[in-house]
Amino acid sequence: MDDIDVILQEHARVLLNDQPHVGVSACTVALLTGLYGIWRMFDMPGFRKIPLRLKVPYLPSSKTQTLNILKLLEGRRGRLADLGSGDGRLVFAASSAGFQCTGFEINSILVAYARNKARWTGMPPSQATFVKKDFWETDLSTYNNVTAFLAPGIMEVLGEKLLKELPDDARVIACRFPFSNWPCQTSVGSGLDQTFAYDMSSVRSHLTTSAPNTVCVE
């Protein structure tokens with residue numbers, strides 16, 4: 001059972017047993033139940049199919065993070081894969097900048113929202129496509145740009161996948177959480193908004209020569 005499940009259920013049990021405030025407790029339990037339902041709506045579709053160690057909750061990128069990613073993509077073109085595209089905000093921004101984007105997302109509701117928004121805004125399918133697909137089971141070798149705002153615990157595993165699949169001319173943009181053993185080409189921003197750029201040719205050369213770890217700090 002997820003931590004959030006345990007927390008909400010425990011709150012409900014305590015409140016229902018609090019007899020002096022039965023009315024208030026009932027209302028609070030109803031509120032918790034509603035919040036729990038909303039959380040499960042976003043968490044459940046497809047989420048349970050992914051191994052626990054690769055789970056990443058939905059956390060939308062901020063406007064600053066999106067702008068930082070676009071800065072690190074300046075001068076580049078081609079196909080872009082956004083891993084865990086959420087509501088599609090990064091895909092829309094990168095598509096407007098000229099990239100042919102694919103947003104990979106396993107949450108049905110978020111995929112539906114992004115697709116509808118694309119239709120509302122008149123975004124051509126050739127520029128922005130949203131697929132309900134697990135990127136862990138997808139060959140990314142046809143993409144020369146990859147963006148990811150995931151979680152620190154899976155960056156090493158993600159790095160192994162990208163090393164196997166991406167071409168040498170690919171650039172990987174990691175938001176907030178860097179690859180600990182990859183040489184960073186450059187970075188933009190600071191704190192929670194810091195974004196890191198990695199060029200696959202440099203990464204492979206670095207790992208082959210066993211050079212010391214390189215950390216980007218700007």
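The basis for the numbers below is simple: all heavy atoms, side chains too, and nothing from hydrogens, waters or symmetry mates.
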ask   = Would you say Q127's side chain and F99's backbone share a donor-acceptor pair under 3.5 angstrom?
value = yes
ask   = Below 4.0 angstrom, N of the basic side chain to O of the carboxylate: do R176 and D193 qualify?
value = no
query = How close do L163 and R204 get, heavy atom to heavy atom, and via which atoms?
reply = O-NH2, 2.6 Å
inquiry  = Angle between ring planes, F130 versus F92, binned at 30° and 60°: parallel, tilted or perpendicular?
reply    = tilted
key: Spacing of OG1 belonging to T142 relative to CD belonging to E165, to within rounding of 0.5 Å   = 9.5 Å
message = Can you confirm whether the side chains of D199 and S201 place a donor and an acceptor under 3.5 Å from each other?
response = no
ask   = So, D87 side chain and L110 main chain: donor-acceptor pair closer than 3.5 Å or not?
value = no
query = Out of curiosity, M123 CE to R119 CZ, how far, rounded to the nearest 0.5 Å?
reply = 13.5 Å
query = Any chance the side chains of R76 and N145 put a donor and an acceptor closer than 3.5 Å?
reply = yes
query = Transitively linked via ILVMFWY side-chain contacts under 4.5 Å: V91 with I106?
reply = no
message = I need the minimum non-hydrogen distance between P167 and S141, along with the two atoms involved.
response = CD-O, 3.6 Å
inquiry  = Donor-acceptor check, side chain of Q65 to backbone of L192, threshold 3.5 angstrom: yes or no?
reply    = yes
request  = Indicate the atoms forming the closest heavy-atom contact of H206 with T209, along with that distance.
outcome  = O-OG1, 3.2 Å
query = Do the charged groups of E160 and K164 touch, with an N to O distance under 4.0 Å?
reply = no
task = Say whether, by atom type as modelled, one donor and one acceptor occur between the side chain of K161 and the main chain of T138 under 3.5 angstrom.
result = yes
Qualifying residue, where the test is side-chain contact (heavy atoms from CB on, under 4.5 Å) with T147 and the options are L72, D82, V172 = D82
Audit row: L158, L83, side chain to side chain contact (heavy atoms under 4.5 Å, CB included) steps and yes/no = CA-CA 10 Å; L158 177 62; L83 309 183; 3.8 Å; yes
ask   = Are V188 and L70 joined in one hydrophobic group, where the rule is that I, L, V, M, F, W and Y side chains link up if heavy atoms are under 4.5 Å apart?
value = no
message = So that I know where these two stand, are F179 and Y198 an aromatic pair - ring centroids less than 6.0 Å apart?
response = yes
request  = Using a 4.5 Å cut-off on heavy atoms from C-beta on, say whether the side chain of D169 contacts that of M200.
outcome  = no
task = Locate the shortest heavy-atom distance separating L150 from F177; write the atom from each residue and the value.
result = O-CE1, 3.5 Å
inquiry  = Before you tell me yes or no, could you show the steps for R89 and K63 under side chain to side chain contact (heavy atoms under 4.5 Å, CB included), namely the whole-Å CA-CA distance, both residues' side-chain angles and the distance that decides it to 0.1 Å?
reply    = CA-CA 9 Å; R89 62 187 63 190; K63 183 177 180 180; over 6 Å; no
task = Find the distance between CG (L90) and SG (C175) and round it off to the nearest 0.5 Å.
result = 8.5 Å
request  = Take W136 and V157 through the test side chain to side chain contact (heavy atoms under 4.5 Å, CB included) and record every step on the way to the result.
outcome  = CA-CA 10 Å; W136 292 108; V157 181; 3.8 Å; yes
message = Can you see whether S187 engages Q194 through a side-chain donor-acceptor pair at a distance of less than 3.5 angstrom?
response = yes
message = I'd like to know whether Q185 forms a side chain to side chain contact (heavy atoms under 4.5 Å, CB included) with S202, so could you lay out the CA-CA distance, the side-chain angles of the two residues, the decisive distance to 0.1 Å, and finally the verdict.
response = CA-CA 8 Å; Q185 192 72 22; S202 298; 3.6 Å; yes
key: Heavy-atom pair of closest approach, residues Y143 and L166   = O-CD2, 3.7 Å
query = In Å and rounded to the nearest 0.5 Å, what is the NZ to CZ distance from K132 to R115?
reply = 9.5 Å
message = Within this structure, what is the CD1-CG distance for the pair I173 and L73, rounded to the nearest 0.5 Å?
response = 4.5 Å
request  = Output yes when a side-chain donor or acceptor of Q100 lies under 3.5 Å from a complementary backbone atom of G78, and no otherwise.
outcome  = no
